[in-house]
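Reviewing the structure listed below.
Counting from 1, the numbers follow the sequence of the chain as shown. Counting convention: from 1, in listed order, for ligands and their atoms alike.
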Amino acid sequence: MDTTPARAQTILRESASARAFERARRVIPGGSMRTSTWFAPHPPYARRGSGCEIEDLDGNRILDCANNFFSLIHGHAFPPVVQAIREVAGEGTAFGLPTQYETELAEAIRRRSPLCEQTRFCNSGTEAVMNAIKGARGLTGRARIAKFEGAYHGSYDYAEVSLGSDPTNWNDPKGDPASVPYAHGTPPSVLRDTVVLPYADPDRLAQILQREGPSLAAILLDPLASRIGCVPLGADSIAVIRDACQRHGILLICDEVIVFRLSWSGAHPLFELEPDFVTLGKVIGGGLPVGAVAGPASSMAVFDHTKGKARVSVGGTFSANPLSMASGLAAMAAYDQAAVARLNQLGDRLRARANKALEDAGRPARMTGMGSLFRLHLTDKPIRDYRSAHPDEAARQALALIQGDMLERGFLITPNCSGALSTPMSDSHVDSLAAALVASVSRAWDSAPWAN
Ligand SMILES: Cc1ncc(COP(=O)(O)O)c(C=O)c1O
């Protein structure tokens, strides 16, 4: 069903973006690789970005709250990043040799996050998670991993299991979460080797880890997973994980591809986690492609190739390319303690304003999140885990309506109505975002109320 508001459809169909889409779909299946920002009948095409705004091909200005899937901590064309890229590009963009930019970015990560004594770079968060899983397997000699139901960690087969499970296949609440394939054709062995964990049921979590622990190489964990609901993992579950890792020799992978931004030192210190591997991406590349596995030198030694073949070899033609490294350095230098604190305050302001206005208006909707990350839910019931965050069909359609309506109002958010703030934003940006979200929710509710 096409849920784009009628007025937006007219604007979009007659636009330069519409023509760009018609041209693109002849040579690209679906018209674009940017599938996660699909808007029916077609997405707006970006012409340029500056600070927290995007201008599309038709000259519309959009407040960018998606920030290329939360990777642009300073918004678009951040001058120090642009300058760094210009300087480095003039000296060569990729070498079959190391550059010092790689070392400098690894040093910058260690300064912020002392647990991350060493870092290995790659080109995406997907690769980072894959490399960390392989590292854990290499260190433990075990094949299986565990991950939380609904969590997104990129598109490595094992990390994708149960990413999109639903009430028809996720198993009875009284049973353990099922290992559900995400991609058609997922090998059954991948499902057998991926144990799925409940996010907000520490007792069941303990039972599963007690049973499966001896065969697990790693637990893969994002402590504020957006797809789970953008709610923090509880202290009880963290205690269970810590105990199981110690008891069974399971390694812990903390996926901070998104949540590294939550504090100057990343997410693991906030949640009192001591992971064996931390996976990074997005903001540490300053807007260019990047991924990284970091951690204590003792676990990172698994990737060391200098004493014969590494236990786990990870390569990549463009890994640690000087452009991504220099751009990341410039972005991280400007994301200092003061910038982190200010951005987190903006996030608190957004959630407080939006939630108060939704409550005052009597809309069954609420916003979750932490720091500069937010997500809208179309319910006023507690959001604890993937299942309580999972929208039914009516809510899903309403979310699509809201995303389209927000675009019409000049705000870009993701399809599940989540987003991330960027440092060029001010109180007034955040206040207008909160007001627009509340107006969009009201409009959707008035046109087709969803069950609460
Ligand atoms: C928590 C998490 N891990 C891994 C990834 C994969 O990163 P990338 O898109 O750079 O492959 C993502 C992407 O959104 C993510 O949110």
Shortest protein contact, atom 16 (O) of ligand 1 (heavy atom only): Ile258 CD1, 3.1 Å

If a pair satisfies side-chain hydrogen bond (donor to acceptor under 3.5 Å, both in side chains) and one of its residues is in residues 264-284, list it, with sequence neighbours excluded. Ser113-His268, Asp255-Thr279, Glu256-His268

Does a salt bridge link Arg409 with Asp405, judged by any charged N lying under 4.0 Å from a carboxylate O? yes

Please list, in number order, the atoms of ligand 1 under 4.0 Å from a heavy atom of Ser124. 10 (O), 11 (O)

Nearest protein heavy atom to atom 4 (C) of ligand 1, by residue and atom, and its distance? His153 C, 3.3 Å

Note the single closest protein heavy atom to atom 3 (N) of ligand 1, along with its residue, its atom name and the distance in Å. Asp255 OD2, 2.7 Å

Relative to ligand 1, is Glu127 under 4.0 angstrom through side chain, backbone, both or neither, heavy atoms considered? neither

Considering only heavy atoms of Asp222, which atoms of ligand 1 have at least one such atom less than 4.0 Å away? 1 (C)

Row check, Tyr158 ring normal vs Arg137 NZ/CZ: under 6.0 Å, within 45°: yes

Under a heavy-atom criterion of less than 4.0 Å, does Glu256 contact ligand 1? no

Have Gln83 and Glu87 got a donor and an acceptor in their side chains that come within less than 3.5 Å? yes

Checking contacts here: is it the side chain or the backbone of Thr126 that comes within 4.0 Å of ligand 1, counting heavy atoms only? Could be both or neither. both

Step by step, work out the salt bridge (Lys or Arg N to Asp or Glu O under 4.0 Å) result for Glu117 and Arg110. CA-CA 5 Å; Glu117 292 171 322; Arg110 188 170 67 177; over 6 Å; no

Does anything in residues 93-125 form a ring pair (Phe, Tyr, Trp, His ring centres under 6.0 Å)? List the pairs, not counting sequence neighbours. none

Under a 4.0 angstrom heavy-atom cut-off, which atoms of ligand 1 come close to Gly125? 6 (C), 7 (O), 8 (P), 10 (O), 11 (O)

Residue and atom name of the nearest protein heavy atom (relative to atom 14 (O) of ligand 1), distance in Å to one decimal: Lys282 NZ, 2.8 Å

Counting from 1 in the order shown, the ligand 1 atoms closer than 4.0 Å to a non-hydrogen atom of Tyr152 are 1 (C), 2 (C), 3 (N), 12 (C), 13 (C), 14 (O), 15 (C), 16 (O)

What I want to check is whether the side chains of Asp64 and His76 have a donor and an acceptor closer together than 3.5 Å. yes

Short side-chain donor-acceptor distance under 3.5 Å, Ser215 and Arg144: yes

